[in-house]
Structure formats: C-alpha cells, structure tokens
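Read the structure below first, then the notes.
Chain A is the first sequence line, chain B the second, and so forth, proteins listed ahead of strands; every chain is numbered from 1. Since the structure is predicted, the reported quantities are computational estimates derived from the model, not experimental observations.
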Amino acid sequence: MDNSYKPQQLEPKWQARWAQTGLYRQTIDRSKPKHYALTMLPYPSGDLHIGHWYAMTPSDARARFMRMKGYNVMFPMGFDAFGLPAENAAIKNNVHPQKWTFANIERMRGQLRSMGAMFDWEREAVSADPAYYKWTQWFFKKLMELGLAYREKAAVDFCPHCNTTLAREQVWGDDRHCERCGTPVIKKELEQWFFKTTDYAEELLDFGGIDWPERVKVMQTNWIGRSEGANVVFKTEYGDEMPIFTTRPDTLWGATFMVMAPEHPLVDKLTTPAQAEAVQAYREHAQSMSDIDREAADRDKTGVFSGSYAINPVNQARIPIWIADYVLMGYGFGAIMAVPAHDERDFEFARKFNLPIIPVIAPETGPLDADEMTAAYVGPGVMVNSGEINGTAVSEDKGRKNPSIAAAIDWLVEHNAGEEAVNYRLRDWLISRQRYWGAPIPVVYCPEHGAVPVPDEQLPVLLPEDVAFTPTGESPLKFHENFLHTECPICGRPSLRETDTMDTFMCSSWYQYRYLSPHYEEGPFDPEEGAYWLPVDQYTGGIEHATMHLIYTRFFTKAMREMGLVDFPEPMLALYNQGMVLGEDNEKMSKSRGNVVAPDNLVAQYGADTVRTYLMFFAKWDQGGPWNYDGIKGPQRLLNDIWEIATLAYEPGPVDESVTKALRRKTHQTIRKVTQDMESFSFNTAVAAIMELRNTINEAQRKQNVTQAAWDEAVDNLLLLLAPIAPHITEELWAQRGGEYSIHQQAWPVWDEEIAKEDEITIPVQVNGKVRERLTVPAGTSDDDIKAAALAAENVQRHLDGKQPRKVIVVKGRLVNIVV
RNA sequence: GGGGCGGUGGCGAAAAGGCAGACGCAGCGGACUUAAAAUCCGCCGGAGUAAACCUCCGUGUGGGUUCGAAUCCCACCCGCCCUACCA
C-alpha cells in the first residue's frame with residue numbers, strides 16, 4: 001500500500017474530523033486556568049492573503065501550545081465586515097455591499113479552515129450582522145449617557161475620494177492623505193459626532209500592568225503627546241479674553257506679539273478696517289490651500305497683522321496680534337504668545353515681519369543681543385529682563401522641574417493671570433462617516449428635542465437594503481425616504497434620522513467581548529462568559545494599529561468599566577506584534593508589483609502544514625522578511641522526513657548504549673528548547689530545534705542502534721512538539737502509531753533535566769582572549785581541575801611561551817581565559 | 001527636525017557579556033539512475049598552505065568599558081517604520 005505523505009488528502013480529512021468531534025469547541029471549564037488568545041480579526045476583502053497566514057498561524061500555534069500546557073484556551077475568529085471597500089465594489093460592480101461582504105466571508109471561512117487553526121467557529125462574530133451592530137449602537141448610546149459622545153461643528157478632515165470625514169488617526173503621512181485610498185484630505189466644517197477619548201488621555205498614558213511592546217507604548221505616548229506648562233489669559237485692548245497655552249511660561253516677559261490661527265473665532269472682531277482686506281485675503285488663501293500646501297516642505301512662514309493689540313499680563317506691554325497658519329486651531333486654544341528670542345518658529349516669523357525680539361534667558365556665555373541673533377536660543381541659562389523672576393535658573397527640564405517655569409507658574413497663580421496646565425496632542429475621536437456600509441448612528445433629530453437617542457427597544461436601527469448607490473459615493477441613506485423620516489421618540493413629532501454611520505474602528509473596539517457570546521441577546525456579551533474568560537491574555541497583530549485600533553479599544557474598555565460592564569482597565573494583558581511577509585523582491589506585496597504570494601496555491605502544492613512551518617521558521621516572528629519559494633523546501637523536507645520516521649517500522653539491531661543515551665538526551669534537550677521557544681514566540685528556533693532532533697533520529701534510523709523504547713520516546717515527542725505547528729500531519733502520524741485521539745488533547749511533554757544533561761562538556765581555553773585549545777571534560781569537573789588541564793594543554797603552553805599567567809578566569813562550564 | 005527599529009557568510013537566519021555563523025536555502029564534490037527529479041554521503045565566511053585539527057582576518061565605520069564585546073557605552077554612516085509648524 002502506498003503510504004506516502006499526501007497533505008492534500010489528509011488535511012481536509014482531519015479538518016472534518018475535528019469539526020465533527022467538536023475538538024475546538026471552547027467552553028467554560030473551571031477546573032483549568034483559562035487563556036484567551038486573540039488575533040486581530042480580518043476585513044473580508046475576499047481573499048486570504050499570505051499576510052493573514054503570517055498573522056494567524058503562529059498565533060494559532062501559540063494557542064495550541066497553551067492548550068497542551070493545560071490551559072483552557074479560547075481562540076476565536078470573526079470579521080470586521082463594515083467598511084468602504086464593500087461600498088466601492090457596490091458602486092463599481094453594481095452588487096449590494098451586503099451581498100459582496102457576506103459572499104467574501106463565506107469564501108474566507110473556507111480559506112481560514114484550510115489553515116487548520118483551532119478557531120471555535122461557534123464563537124464567530126461578524127460586525128455587519130444586525131445582531132452585532134445592535135450592540136455597537138447600544139454602546140454609542142451608553143457613551144452618550146456617560147457624556148463621552150457629543151456632537152460638534154468643527155473643521156474636520158475629509159477625504160474627497162471616499163466622500164467622508166476621517167478621524168485624526170486615519171489621516172497619514174506628511175502629505176496628510178486618507179489611510180484607505182491615499183487621496184490628500186481637505187478640511188471641512190461639519191457637524192460631527194465625537195467620542196471624548198481626551199477624557200482618558202492621562203489614563204491612556206499608564207501602561208502599568210500590561211505587557212505590551214515598548215514600541216507600541218512609545219508610539220501611543222507620542223500620539224497622546226502630553227505637555228506640561230501653563231494657561232495664560234491675555235486680554236485684547238478691547239477687553240476680550242484670549243487664553244493661550246504655553247510650555248514656556250518663563251519666557252512670558254519676552255513675548256513680543258501674539259499669533260492666532262486663521263480659523264480663530266476672534267479674528268473677525270480683532271481685524272481693524274484697515275487690515276480687513278488683507279486678513280480676508282489671507283484667510284481665504286489659507287482655507288483654499290490643502291493641508292499639503294499648508295504644511296509644504298519649505299514651510300516659509302506666512303501671516304498677516306490683524307490691526308489689534310493685546311496686553312501682556314506680566315508687564316502690561318502692548319503687543320500686536322497677528323494671524324498665521326503656523327498656529328493650528330486644533331491644538332491648545334488656537335492662539336499663542338510668540339517669544340521669538342526663544343522659539344524657533346516665532347523667531348523665523350519675527351525676522352520675516354520685522355517684529356521685535358527680546359531675550360529673557362541669558363546663556364552661560366553671556367547675555368544675548370537681539371540684533372545679532374541668527375536663531376532662537378532654546379538652551380539653559382538664567383532669567384533676565386523678567387521682573388520678579390529675574391535670576392532664576394533655567395534648566396533643560398520640562399514643566400515644574402525647571403526652576404524658571406516653576407517660578408513663572410507661581411507668579412501667574414499669585415497674580416491671577418494664569419494657572420499650571422497640561423495639554424495633550426490627542427484629539428477626540430471623530431466617528432461620523434458619511435457612508436452607507438456601517439452601523440447607523442442611533443440618533444433622531446427632533447425640531448423640538450434636538451438629537452434624541454433611539455430607544456433600546458427600537459435597536460438595531462437597520463440599514464435599509466433597497467438603496468441606490470451613486471457614483472459619487474454619496475450615502476444613499478440621505479435619499480432613502482423611509483429610513484430618513486421617523487418620529488421623535490420623546491414627543492412623536494416628525495423627525496429626521498441621522499444618516500451618518502459609525503467609523504468601523506468602533507465595531508472593532510469591542511469585538512473581543514462579542515466573541516464571548518455572539519448570539520447573546522440580553523447585552524453585548526454574557527457576563528458569565530465574561531467573568532471566566534476576560535480579559536484577553538494574549539493579543540497578536542500588526543504594528544500598524546498602534547495609534548488607531550489599539551488606542552480605541554483601550555478607550556472603549558475604560559468606558560465599559562464606567563458602564564459597569566467590566567472591572568478591569570485594560571482589554572489585553574499582553575500584546576505581541578508580528579512582522580510582515582514581504583515579496584521575494586524584499587518589497588511590500590502588492591498586485592501592481594506582481595510579487596504577491598497566494599496561500600491557496602501553496603496549500604495545494606505543499607499542504608497547510610508545510611506553509612505553516614515555513615512561515616514560523618524563516619524568521620523570528622516579530623521581524624518578518626521576504627518570502628522565498630526555495631526556502632520552503634526545508635520545512636517540506638522536514639515533514640517528509642518525519643513522515644518516513646513515523647511510518648517506517650523500526651527494528652533495532654545491536655544496540656549501542658551510548659548512542660541510545662545520546663538520543664534520549666537530544667529528545668529531552670529538544671523538549672526543553674521548544675518549550676522555552678514557544679513560550680517566548682521564538683518559533684523559528686523551535687522549528688530549528690525540531691529539525692535537529694529529526695537529524696539525530698535519522699541517524700539512529702540508519703544505524704538501527706538505539707533501543708525501541710528510546711526510539712519511541714524520540715518519535716512520540718517529536719510529534720507532540722510539532723503538533724501546534726503542523727497540526728494535521730502530527731495528528732495523522734499520532735493515530736497511525738496507535739496514539740489516542742487527539743494529539744492536540746495530549747499533555748505537552750516535560751523534559752527530565754537529568755536526561756537532558758550533557759555528561760561531557762567542551763570548554764574552550766583562551767590565551768589573552770583567543771581560543772587556543774578545546775578541552776573535553778566530564779560534566780561537573782571542578783574549576784581547579786579544569787584550570788590545571790587548561791594550563792597543561794599543549795597548544796596553551798605553546799602560546800604561553802614560557803610566560804607566567806597573570807590571571808586565570810574560569811567561567812563555570814563555559815570557558816577558561818588565561819591572561820599573560 | 002524629532003522618535004523608534006535594524007545592519008552578522010552567496011541568501012533567510014542563530015548566538016543569558018564567554019567557541020560567531022546553530023537550523024535551513026542555494027552552491028560544490030560524490031553515490032544511486034539510461035537520464036533527470038527525488039533521495040543519500042561529504043564540503044561549504046575570507047586569507048595562508050597540498051591539506052589542515054595550525055596561524056591571521058572577520059558581526060556597517062571609528063573610539064571606549066572589560067580578562068573577554070555581534071551583544072554594553074559614545075560618535076558617525078546606511079536602511080526601514082512612525083511622527084512632524086503641537087506653542
């Protein structure tokens with residue numbers, strides 16, 4: 001009978017068996033510690049990419065490893081199913097987004113099954129399913145109740161191609177383009193819904209208690225952008241209050257002018273008739289410019305004088321108020337005090353428009369001369385020209401740690417002119433999208449009561465199916481009479497529905513909770529499931545979500561804690577970011593480059609197990625790297641060899657005790673190595689260790705010189721260690737060798753330190769740091785004996801050349817270094 | 001401009017401050033075969049040498065710490081990623 005390795009046959013066979021026997025059904029079991037393993041859910045674009053395999057199969061292997069280690073593991077899968085591509089496909093191919101999306105999901109389910117992952121499909125959640133988005137809408141209402149959702153008119157980022165507004169996080173790059181389609185965004189004044197992520201700015205900076213990569217923590221910290229300083233209230237000469245934020249209140253005495261953003265509400269009032277024309281022209285110019293031009297590379301400062309003046313509260317100086325687009329309306333108060341002597345941007349502006357420069361910090365080298373300065377001075381020194389705080393030291397510290405800043409803040413408080421303040425770069429999350437394929441915002445606008453949330457019993461607000469898409473991408477909800485017209489839930493008056501839908505990041509902010517009980521109807525998730533499984537123990541996914549999804553879901557969990565739904569502050573205790581598989585040309589895979597690797601073809605050619613093993617072998621997981629069609633041969637040979645090893649009968653000839661012992665040692669060393677590597681996500685070296693064991697077993701196979709018991713121990717453990725990585729072949733071979741179903745329910749092997757121990761060790765002997773000899777000694781030889789043997793060694797003597805060793809360093813079991 | 005990550009054979013990569021290059025790919029030599037593929041055996045950083053188990057050089061560059069550095073520190077070069085007039 002032909003019993004060669006045919007993954008194309010045995011993989012579907014076992015996948016069916018697993019499904020049939022409910023092997024991956026994951027239910028509460030209080031007799032075991034729980035482990036919630038989560039991999040970022042895919043968008044159903046229609047085809048599973050090798051990138052999905054790279055994200056999911058090592059994640060699956062880790063979850064399987066935890067299961068064999070004795071944890072009750074939950075490893076769910078679902079789809080982030082709302083979003084623009086579905087709608088764009090609808091416009092292009094005249095197919096309804098729902099049909100397109102659910103057809104893709106169906107196709108991707110099949111592809112996901114071909115991975116042989118341990119997903120519990122009964123926990124699958126699809127965000128575009130009304131049973132799911134009902135709760136997305138419910139969360140929106142809850143956030144409203146908590147005062148964490150509000151509606152405001154603001155100049156927001158708008159993608160003209162996608163025809164919708166975007167959150168700040170979804171505007172990328174130095175040309176400020178749309179994260180989805182790459183079109184440069186424009187600013188638009190619109191009434192939009194926001195979530196108050198800024199309320200949690202301080203708490204989001206606290207990563208205590210979570211094991212997340214340093215890189216993500218740094219990115220989030222920078223994104224939140226905390227800066228310490230003071231709010232200072234300037235008054236215009238007409239008495240209007242003009243608050244500003246500054247990180248350098250100590251330089252207040254050097255403020256020689258003020259600058260407002262062109263969109264600042266006081267611009268109209270402060271513009272004098274003489275300046276009206278110039279200001280109007282400048283504002284129009286600023287508005288017409290896209291953000292790209294506004295932040296163009298040369299960044300030459302532009303601006304215009306308003307004609308009005310403000311009074312500096314520290315010295316009553318009358319200083320001109322300018323309007324310039326280097327001041328952004330979205331940060332602080334949209335206005336600044338300008339201290340050209342000590343701020344580079346202000347300096348540049350002052351030089352260009354001939355505004356006065358007054359130094360207030362004297363560096364150690366002596367006082368500054370305003371006329372001779374060619375750049376702002378931002379270093380340490382001592383305060384001068386600054387009234388009561390003269391003589392205070394200026395350090396390079398930020399905030400109150402800097403004596404001069406502390407003194408300035410105290411002065412401000414004492415004189416009732418300002419207060420210590422912290423400002424964040426983080427903006428509130430804009431969640432309104434002018435698109436059809438998303439969860440409708442559950443709000444009705446009543447002429448009497450304004451924005452009224454839709455009552456719970458009317459949720460979900462369903463997306464109407466009979467809609468006509470226009471080529472412009474404008475939301476068909478705006479023209480859907482039945483959807484649009486409704487009654488006010490409070491008074492019954494005819495009212496209009498909100499036609500915007502929610503940012504899909506809203507759907508993915510809480511999906512890990514819906515997985516617990518995707519069919520639960522009494523709430524977003526079943527509290528009993530939640531009490532057992534939550535929070536997520538191990539999250540894995542790409543780094544690209546560092547400042548988007550990963551901030552949103554943290555915000556969400558903190559808000560859910562306010563709602564009383566959870567009692568922990570962080571959604572995911574540990575996070576690991578995998579790298580990216582690149583094309584063979586070492587470039588990002590893309591259709592236009594023609595370097596895309598199709599997993600379906602690979603599965604057909606090599607089988608899923610080989611693809612999985614190769615993905616885990618070719619690089620450390622967090623690094624990623626280029627795909628290589630030749631490289632996959634290594635894992636392919638590995639699985640073929642293992643097939644041979646496990647299926648060919650072993651008949652020991654004359655047994656060699658020392659070879660037997662060596663095989664057992666290698667077996668136990670491999671268990672130790674693979675266990676540690678699986679623990680630390682070092683899958684590549686885990687596979688390498690398995691390959692080494694394979695090599696050792698191969699040799700025993702050829703020589704037939706180990707005992708049957710040692711042989712079986714080696715082969716059984718080889719299969720167990722490989723089971724999380726290559727689940728099908730190991731299941732098949734386990735069964736063929738008479739093992740109990742399923743290998744995936746077996747306990748992870750444990751190594752015996754005694755057996756793993758080497759009985760001879762090789763110790764390099766260095767003379768002055770260069771290896772001159774290698775000693776093979778029994779393990780446990782005393783340092784003194786090793787030292788003596790080292791000094792006696794022939795090549796060592798030769799290099800000592802009669803000189804007396806000055807010092808001999810013996811590192812236990814490691815090396816000897818003789819210094820002369 | 002700021003921040004982060006990285007730079008090791010022909011290639012992918014490994015190395016708790018302690019034998020650099022495990023494991024694999026490719027290559028080369030040999031076996032098997034009519035032949036090729038597959039498989040098996042051997043070699044495989046560079047230089048010296050007929051060959052090394054001997055010697056020298058070698059982890060982007062230059063310094064430093066150390067008995068000892070791919071690893072730690074300083075400066076620089078290159079690549080990738082993030083961020084960018086944030087007051």
Presence of salt bridge, Glu228(A) and Arg400(A), under 4.0 angstrom: no
Asp630(A)/Lys633(A) ion pair, N-O < 4.0 Å: yes
Nucleotide-level pairing of RNA chain B, given in dot-bracket where Watson-Crick and G-U pairs need both distances under 3.5 Å and | marks other strands: (((((((..(((.....[....))).(((((.......))))).((((.....))))..(((((..]....))))))))))))....
Rounded distance (nearest 0.5 Å) linking atom [atom1] of [X] with atom [atom2] of [Y]:
{"X": "Thr236(A)", "Y": "Met242(A)", "atom1": "OG1", "atom2": "CE", "value": "8.0 Å"}
{"X": "Gln669(A)", "Y": "Glu758(A)", "atom1": "CD", "atom2": "CD", "value": "4.5 Å"}
{"X": "Trp751(A)", "Y": "Thr667(A)", "atom1": "CH2", "atom2": "OG1", "value": "14.5 Å"}
{"X": "Phe683(A)", "Y": "Gln578(A)", "atom1": "CZ", "atom2": "CD", "value": "10.5 Å"}

Of Val687(A) and Asn222(A), the one whose closest RNA chain B nucleotide lies more 5': Asn222(A)
5' priority, RNA chain B, between Gly625(A) and Arg694(A) [closest heavy atom]: Gly625(A)
May I ask you to say what [X] touches in the nucleic acid, namely base, sugar-phosphate or nothing, with a heavy-atom cut-off under 4.0 Å?
{"X": "Gly579(A)", "answer": "nothing"}
{"X": "Phe618(A)", "answer": "sugar-phosphate"}
{"X": "Arg637(A)", "answer": "sugar-phosphate"}
{"X": "His799(A)", "answer": "sugar-phosphate"}
{"X": "Arg226(A)", "answer": "nothing"}
{"X": "Lys770(A)", "answer": "sugar-phosphate"}
{"X": "Asp346(A)", "answer": "nothing"}

May I have the distance from [X] (atom [atom1]) to [N] (atom [atom2]), rounded to whole angstrom?
{"X": "Trp643(A)", "N": "rA38(B)", "atom1": "CH2", "atom2": "C1'", "answer": "18 Å"}
{"X": "Asn698(A)", "N": "rC23(B)", "atom1": "CG", "atom2": "C1'", "answer": "14 Å"}
{"X": "Gln220(A)", "N": "rG4(B)", "atom1": "CD", "atom2": "P", "answer": "17 Å"}
{"X": "Glu348(A)", "N": "rG1(B)", "atom1": "CD", "atom2": "P", "answer": "15 Å"}
{"X": "Asp585(A)", "N": "rC11(B)", "atom1": "CG", "atom2": "C1'", "answer": "15 Å"}
{"X": "Phe347(A)", "N": "rG1(B)", "atom1": "CZ", "atom2": "P", "answer": "19 Å"}
{"X": "Met329(A)", "N": "rC85(B)", "atom1": "CE", "atom2": "C1'", "answer": "16 Å"}
{"X": "Glu344(A)", "N": "rC85(B)", "atom1": "CD", "atom2": "P", "answer": "14 Å"}

N or O in side chain of Arg702(A) less than 4.0 angstrom from rC41(B) OP1/OP2: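 For rC41(B), OP1/OP2 do have a side-chain N/O of Arg702(A) under 4.0 Å.
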Presence of Arg772(A) side-chain N/O under 4.0 Å of rU55(B) phosphate oxygens OP1/OP2: yes
Backbone N/O of Ala408(A) and side chain of Asp250(A): donor-acceptor pair under 3.5 Å: no
Any donor-acceptor pair under 3.5 Å from Glu396(A) side chain to Gly379(A) backbone: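 Here the side-chain-to-backbone pair does not exist.
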For [N] versus [M], give the span between their [atom1] atoms, rounded off to a whole number of Å.
{"N": "rA35(B)", "M": "rC43(B)", "atom1": "C1'", "result": "26 Å"}
{"N": "rA16(B)", "M": "rC11(B)", "atom1": "P", "result": "23 Å"}
{"N": "rA22(B)", "M": "rC77(B)", "atom1": "C1'", "result": "31 Å"}
{"N": "rA14(B)", "M": "rU66(B)", "atom1": "P", "result": "31 Å"}
{"N": "rA75(B)", "M": "rG4(B)", "atom1": "P", "result": "12 Å"}
{"N": "rC19(B)", "M": "rG12(B)", "atom1": "C1'", "result": "24 Å"}
{"N": "rG10(B)", "M": "rU83(B)", "atom1": "P", "result": "37 Å"}
{"N": "rU55(B)", "M": "rG1(B)", "atom1": "P", "result": "49 Å"}

Strictly under 3.5 Å: I want the nitrogen or oxygen pairs between protein and nucleotides 5-8 of chain B, one per line.
none

Partner of Asp641(A) under side-chain contact (heavy atoms from CB on, under 4.5 Å), chosen from Met691(A), Arg694(A), Gln701(A): Arg694(A)
Candidate list Val327(A), Ile336(A), Ile321(A), test side-chain contact (heavy atoms from CB on, under 4.5 Å), partner Met260(A), passing option: Ile321(A)
Validation row, ring centre Phe349(A) to ring centre Trp322(A) under 6.0 Å: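 Aromatic pair counts; centres sit under 6.0 Å.
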Tyr606(A) ring center within less than 6.0 Å of Tyr614(A) ring center: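 Not under 6.0 Å, so no.
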Selected nucleotide, minimal atom distance to [X] side chain, candidates [options]:
{"X": "Asn695(A)", "options": "rA87(B), rC67(B), rG24(B)", "result": "rG24(B)"}
{"X": "Asp630(A)", "options": "rU83(B), rC67(B), rC25(B)", "result": "rC25(B)"}
{"X": "Trp223(A)", "options": "rC85(B), rA84(B), rA26(B)", "result": "rA84(B)"}

Letter per nucleotide, 5' to 3', of nucleotides 17-22 of chain B [B base touched, S only sugar-phosphate touched, - untouched; heavy atoms, 4.0 Å]: -BB--B
Chi-angle category of rG9(B) [syn within 90° of 0, anti beyond]: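 Syn conformation for rG9(B).
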For rA16(B), glycosidic torsion class - syn if within 90° of 0, otherwise anti: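 Glycosidic conformation of rA16(B): syn.
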Parallel, tilted or perpendicular: ring planes of Phe505(A) versus His549(A), cut at 30 and 60 degrees: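 It falls in the parallel class, under 30°.
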Crowding at CD, Glu753(A) (>12 non-hydrogen neighbours, <6.0 Å): yes
Greater than 12 external heavy atoms within 6.0 Å of Lys352(A)'s NZ: yes
